[in-house]
Amino acid sequence: MLRKITDSIYYINATESPLSADVGIVEGKEYCWIYDVGCSEEACQALAGIKKDKAVVLSHFHPDHIGNLSRVSCSKLYCGDNTYKYIHTGEIVDRNIVMEDGVSIHLFKIPSSHAKGSIGMEVNGEYAFWGDAAYCTTKSGKRVYNAQLLLEQIRLLEGLSAKYILLSHEEEFVTEKDKLLEMLYSRYVKRDAKSPFIDVE
Ligand SMILES: [Zn+2]
């Protein structure tokens with residue numbers, strides 16, 4: 001289902017069965033900016049219905065975020081270096097990229113425990129699509145954060161002008177940045193100087 005955030009920012013909400021990530025849709029002057037393409041039929045159909053040229057940005061390589069890629073036509077494609085290893089196409093976001101298209105689009109790398117090569121997309125300095133970058137990973141059956149990457153992500157968030165972060169798969173897709181920072185700080189303070197990993201449980 002298409003949901004509205006602002007006059008130019010929309011999203012198709014994530015589903016659990018099939019597991020398909022939220023799809024961000026930002027209406028620019030020349031392009032419709034799509035953040036993740038999901039892997040459900042519903043997301044695919046909704047994307048097919050967009051007549052404007054599409055610029056697709058992929059948050060990371062997991063199938064629930066990129067599954068529909070081969071079925072979506074687009075004139076521009078951006079992804080992280082690790083995602084590129086899976087899809088072999090698109091421009092790698094290896095620095096901050098800022099583009100003006102009626103809306104201001106800012107692409108950047110996010111240090112993430114969840115997935116290497118995670119990419120964020122900030123719109124008008126107000127909203128930042130974050131994919132799954134804030135989540136932990138699983139290591140030997142345990143849910144953990146990498147302490148160094150978590151600290152780097154906290155620093156990145158602190159310096160970001162966006163007040164709202166859009167977290168994939170969350171019931172509340174639009175989250176206040178301060179609320180997310182609080183959650184990440186609460187995890188970071190649990191670190192143990194002897195280990196590079198922080199247990200979530
Ligand atoms: Zn993921």
Side-chain angles (χ1 to χ4, degrees), residues 1-80 83 87 90 93 97 99 101-108 110 112 114-115 118-135 153 157 160-180 183:
M1 202 209 309
L2 191 67
R3 299 181 184 194
K4 181 176 176 174
I5 300 173
T6 71
D7 282 346
S8 55
I9 308 177
Y10 295 80
Y11 71 103
I12 302 161
N13 62 293
T15 55
E16 276 180 30
S17 168
L19 182 64
S20 186
D22 298 81
V23 173
I25 299 169
V26 179
E27 184 120 18
K29 219 164 131 200
E30 194 176 348
Y31 296 102
C32 201
W33 294 83
I34 308 295
Y35 183 85
D36 282 342
V37 291
C39 71
S40 66
E41 189 58 36
E42 184 197 351
C44 190
Q45 294 296 332
L47 290 172
I50 296 174
K51 294 291 163 256
K52 207 175 234 177
D53 258 6
K54 293 188 227 9
V56 169
V57 179
L58 299 173
S59 66
H60 65 297
F61 67 97
H62 291 157
D64 52 321
H65 296 255
I66 69 169
N68 281 329
L69 187 63
S70 63
R71 303 170 69 198
V72 174
S73 64
C74 61
S75 355
K76 283 169 172 267
L77 176 64
Y78 298 91
C79 65
T83 305
I87 62 174
V93 179
I97 300 178
M99 290 166 285
D101 182 26
V103 288
S104 160
I105 301 285
H106 169 209
L107 305 181
F108 53 93
I110 309 177
S112 166
H114 179 84
S118 285
I119 300 300
M121 179 172 88
E122 189 181 33
V123 183
N124 294 333
E126 262 184 303
Y127 291 87
F129 289 90
W130 214 252
D132 292 353
Y135 306 143
Q153 183 170 145
L157 267 172
L160 207 68
S161 75
K163 278 202 167 55
Y164 299 99
I165 307 296
L166 312 179
L167 297 174
S168 206
H169 307 291
E170 286 290 318
E171 192 67 50
E172 273 184 64
F173 184 53
V174 183
T175 305
E176 282 178 31
K177 179 174 82 172
D178 289 348
K179 209 169 140 191
L180 174 61
M183 188 276 274

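Here the SG atom belonging to C39 is positioned 12.0 Å from the CG atom belonging to L69, to the nearest 0.5 angstrom. Distance CG/D178 to CG/L157: 9.5 Å, rounded to 0.5 Å. Taken to the nearest 0.5 Å, the NZ atom of K4 stands 10.5 Å off from the CG atom of L2. Distance CG/L167 to NZ/K179: 9.5 Å, rounded to 0.5 Å. In this structure, Y127 OH and K177 NZ are separated by 14.0 Å, a value rounded to the nearest 0.5 Å. With rounding to the nearest 0.5 Å, the separation of CH2 in W130 from CE in M121 is 13.0 Å.
Residues A115 and F61 share a closest heavy-atom pair of CB-CE2, 4.1 Å. Heavy-atom minimum distance, H62 versus D132: ND1-OD2, 4.4 Å. Shortest non-hydrogen contact noted between A48 and K51 is O-NZ, 3.5 Å. Across L180 and T175, no two heavy atoms sit closer than the pair N-CG2, 4.3 Å. Contact detail for V23 and A43: the closest heavy-atom pair is CG2-CB, 4.1 Å. Here the closest heavy-atom approach between residue A134 and residue M183 is recorded as O-CE, 4.5 Å.
Judged by distance alone, the side chain of D101 and the main-chain N or O of G28 form no donor-acceptor pair under 3.5 Å. For Q153 (side chain) and A133 (main-chain N/O), a donor-acceptor pair under 3.5 Å exists by modelled atom type. Using modelled atom types, one side-chain atom of S20 and one backbone atom of S40 make a donor-acceptor pair closer than 3.5 Å.
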- Give the C-alpha distance, both sets of side-chain angles, the deciding distance and a yes or no for side-chain contact (heavy atoms from CB on, under 4.5 Å) between I119 and S59. CA-CA 5 Å; I119 300 300; S59 66; 5.8 Å; no
- Query: When you look at V72 and I34, which way does the side-chain contact (heavy atoms from CB on, under 4.5 Å) test go after all the steps?
  - Reply: CA-CA 10 Å; V72 174; I34 308 295; 6.0 Å; no
- Task: Give the C-alpha distance, both sets of side-chain angles, the deciding distance and a yes or no for side-chain contact (heavy atoms from CB on, under 4.5 Å) between V56 and K76.
- Result: CA-CA 6 Å; V56 169; K76 283 169 172 267; over 6 Å; no
- Message: What verdict does the side-chain contact (heavy atoms from CB on, under 4.5 Å) test give for M99 and Y31, after you've listed the backbone C-alpha separation in whole Å, the side-chain angles of each residue and the deciding distance to 0.1 Å?
- Response: CA-CA 11 Å; M99 290 166 285; Y31 296 102; over 6 Å; no
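I87 places a side-chain heavy atom less than 4.5 Å from the side chain of L77. The shortest distance between side-chain heavy atoms of I97 and H106 does not fall below 4.5 Å. At a threshold of 4.5 Å between non-hydrogen side-chain atoms, the residues S73 and K54 count as touching.
A salt bridge between E30 and K52 is absent, with no side-chain N of the basic residue lying under 4.0 Å from a carboxylate O of the acidic one.
Every residue was checked against the side chain to side chain donor-acceptor pair (under 3.5 Å) condition with N124, not counting sequence neighbours, and none meets it. Annotation: side chain to side chain donor-acceptor pair (under 3.5 Å) contacts of Q45 (sequence neighbours excluded): E41.
In this model, a donor atom of one side chain and an acceptor atom of the other lie less than 3.5 Å apart for D64 and H169. Of the N and O atoms on the side chains of H60 and T83, not one donor lies less than 3.5 Å from an acceptor on the other residue.
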Side-chain donor-acceptor contacts of residues 9-18 below 3.5 Å, not counting sequence neighbours, with atom names and distances?
from, atom 1, to, atom 2, distance (Å)
N13, OD1, M1, N, 3.3
T15, OG1, P18, O, 2.8

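Tested against F129 for a side-chain contact (heavy atoms from CB on, under 4.5 Å), the candidates D22, V26, D36 yield a single pass: V26.
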